[in-house]
Amino acid sequence: RSFWGWLNAVFNKVDHERIRAVGPDRAASEWLLRCGALVRYQGYQRWQQDYNGLPTGPLGKYRIEAIDATDACIMYRGFEYLDGLEHVTEIKLQKCMYIQDECLQRLSDTKNLQKSLLQLKIISCGNVTDKGIIALHKLMNLEYLYLSDLPGVRKKESTVQMLQQALPNLELELDLE
């Protein structure tokens, strides 16, 4: 287990030189795919899942619009890759064992995501608690939030109430016990 934790930490290390060299979308794509997530680019229907098949082209041609981090090993230290992304409208975090409250706080604090993110799904992320869900209140343009199988969310009613007060236009779908 510790070897995999170490390897995942290496995969999540932010490479600022790479971001400067290839741009934020390409660098984030590489990070996400390395960690087992999928990305979809603006204007394309197909999900990109093959690291070696990442499209090439002029800087800024491929802009990440959607992220599907199902079973991905993304963790807090890699979230800095999200800072330069300006076109992400949807994110799905499902069965991400390293996603915790600090990750959701970081997501919510990311200025570009505050503007662009419309849909967020958080499913079966066992380290997420009420604190992490409440932290999402800065995602002012969020239209849809789906929460499912989050055993750490214990104060469901008050958490939902706080979130809906902060984001009155949010459609919230819950599948929590």
Side-chain angles (χ1 to χ4, degrees), residues 8-96 98-100 102-123 125 128 132-133 135-148 163 166-167 169-173:
N8 291 334
V10 169
F11 282 167
N12 279 276
K13 188 177 186 318
V14 178
D15 183 347
H16 297 282
E17 281 298 310
R18 187 74 181 147
I19 294 170
R20 277 192 291 281
V22 300
D25 288 276
R26 173 68 188 215
S29 296
E30 292 172 358
W31 165 61
L32 289 161
L33 293 178
R34 211 174 30 241
C35 292
L38 309 176
V39 296
R40 193 179 70 231
Y41 298 111
Q42 218 175 22
Y44 295 84
Q45 296 301 309
R46 212 180 92 239
W47 286 92
Q48 188 66 42
Q49 57 188 17
D50 179 13
Y51 183 91
N52 295 317
L54 275 171
T56 57
L59 211 60
K61 180 180 180 188
Y62 295 95
R63 297 185 168 118
I64 297 175
E65 179 178 61
I67 297 168
D68 180 350
T70 299
D71 288 316
C73 68
I74 60 173
M75 58 178 58
Y76 181 83
R77 72 184 299 183
F79 272 56
E80 201 175 327
Y81 278 110
L82 302 175
D83 290 349
L85 304 182
E86 298 178 4
H87 304 90
V88 176
T89 58
E90 53 185 278
I91 295 176
K92 179 180 177 184
L93 303 171
Q94 181 170 350
K95 297 183 191 167
C96 297
Y98 299 110
I99 294 295
Q100 56 206 105
E102 292 78 14
C103 298
L104 299 183
Q105 178 73 56
R106 180 72 169 78
L107 203 67
S108 187
D109 286 338
T110 304
K111 296 287 182 217
N112 285 331
L113 292 179
Q114 289 173 357
K115 294 178 204 153
S116 69
L117 193 61
L118 304 175
Q119 293 183 29
L120 178 59
K121 296 177 182 176
I122 306 170
I123 305 161
C125 295
V128 170
I133 302 303
L136 299 172
H137 75 277
K138 293 181 186 172
L139 297 171
M140 296 310 280
N141 289 320
L142 197 62
E143 296 172 353
Y144 177 77
L145 176 62
Y146 177 72
L147 303 174
S148 175
L163 208 50
L167 304 170
N169 298 323
L170 179 66
E171 179 189 338
L172 192 54
E173 191 176 337

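Only heavy atoms go into these numbers, but all of them, side chains included; no hydrogens, no water, no symmetry mates. Everything numeric here is computed off the predicted structure, so don't read it as measured data.
Atom CD1 of Ile64 and atom CG of Leu85 lie 5.0 Å apart (nearest 0.5 Å). A distance of 14.0 Å separates NE2 of His87 from CG of Leu117, quoted to the nearest 0.5 Å. Leu33 CG to Tyr51 OH: the interatomic distance, rounded to the nearest 0.5 Å, is 8.5 Å. To the nearest 0.5 Å, atom CD1 of residue Ile133 and atom CG of residue Leu172 are 9.0 Å apart. The line from NZ of Lys121 to CG of Leu145 is 11.0 Å long, rounded to the nearest 0.5 Å. Remark: Leu139 CG to Leu163 CG distance equals 9.0 Å, nearest 0.5 Å.
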Can I get a per-line list of side-chain donor-acceptor pairs under 3.5 Å for residues 70-80, giving both atom names and the distance, sequence neighbours left out?
{"residue": "Thr70", "atom": "OG1", "partner": "Asp68", "partner atom": "OD1", "Å": "2.5"}
{"residue": "Arg77", "atom": "NH1", "partner": "Ala9", "partner atom": "O", "Å": "3.4"}
{"residue": "Glu80", "atom": "OE2", "partner": "His16", "partner atom": "NE2", "Å": "3.3"}

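Salt bridge annotation for Glu30-Arg26: present, with a cationic side-chain nitrogen under 4.0 angstrom from a carboxylate oxygen.
The shortest non-hydrogen separation linking Ser108 to Ala135 is OG-O, 2.6 Å. Smallest separation of non-hydrogen atoms from Cys125 and Cys96: SG-N, 3.8 Å. For the pair Arg20 and Glu17, the tightest heavy-atom approach, listed with the atom from each and the gap, is NH2-OE2, 2.6 Å. Of all heavy-atom pairs spanning Ala69 and Ala37, the tightest one is CA-CB, 3.8 Å. Across Ala27 and Val22, no two heavy atoms sit closer than the pair N-CG2, 3.8 Å. Counting all heavy atoms, side chain and backbone alike, Lys13 lies closest to Tyr81 at O-OH, 3.3 Å.
Residues Asn169 and Leu142 fail the side-chain proximity criterion, which asks for heavy atoms closer than 4.5 Å. The side-chain heavy atoms of Trp47 and Val39, taken from C-beta on, include no pair separated by under 4.5 Å. Side chains of Asp83 and Leu113 form no contact here, defined as non-hydrogen atoms less than 4.5 Å apart. Contact check for Asp109 versus Lys138: side-chain heavy atoms found under the 4.5 Å cut-off. The closest side-chain heavy-atom distance from Asn141 to Ser116 is not below 4.5 Å. Within the 4.5 Å cutoff, no side-chain heavy atoms of Phe11 are placed close to those of Trp31. At a threshold of 4.5 Å between non-hydrogen side-chain atoms, the residues Leu59 and Asp25 do not count as touching.
Judged by distance alone, with hydrogens and angles left aside, the side-chain atoms of Gln48 form a donor-acceptor pair with the main-chain N or O of Asp50 at under 3.5 Å.
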Please test Leu93 against Leu104 for side-chain contact (heavy atoms from CB on, under 4.5 Å), starting from the C-alpha separation and ending with a verdict.
CA-CA 10 Å; Leu93 303 171; Leu104 299 183; 3.9 Å; yes
Go through it in stages, so that I can follow the logic: the residues are Lys92 and Ile123, the test is side-chain contact (heavy atoms from CB on, under 4.5 Å), and I'd like the CA-CA distance, side-chain angles, deciding distance and then a yes or no.
CA-CA 8 Å; Lys92 179 180 177 184; Ile123 305 161; 4.2 Å; yes
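For Glu86, there are no side-chain hydrogen bond (donor to acceptor under 3.5 Å, both in side chains) partners two or more places apart in sequence or in a different chain.
Side-chain atoms of Ser29 and Tyr41 include a donor-acceptor pair closer than 3.5 Å.
Ring-plane geometry between Tyr146 and Tyr144 is classed as parallel, the angle between the planes falling under 30 degrees on a 0 to 90 degree scale with a further cut at 60.
Judged as a salt bridge (Lys or Arg N to Asp or Glu O under 4.0 Å), the pairs with a partner in residues 53-65 (not counting sequence neighbours) are, in order, Arg40-Glu65.
Atom CD of Gln42 has more than 12 neighbouring heavy atoms from other residues, nucleotides or ligands inside a 6.0 Å radius.
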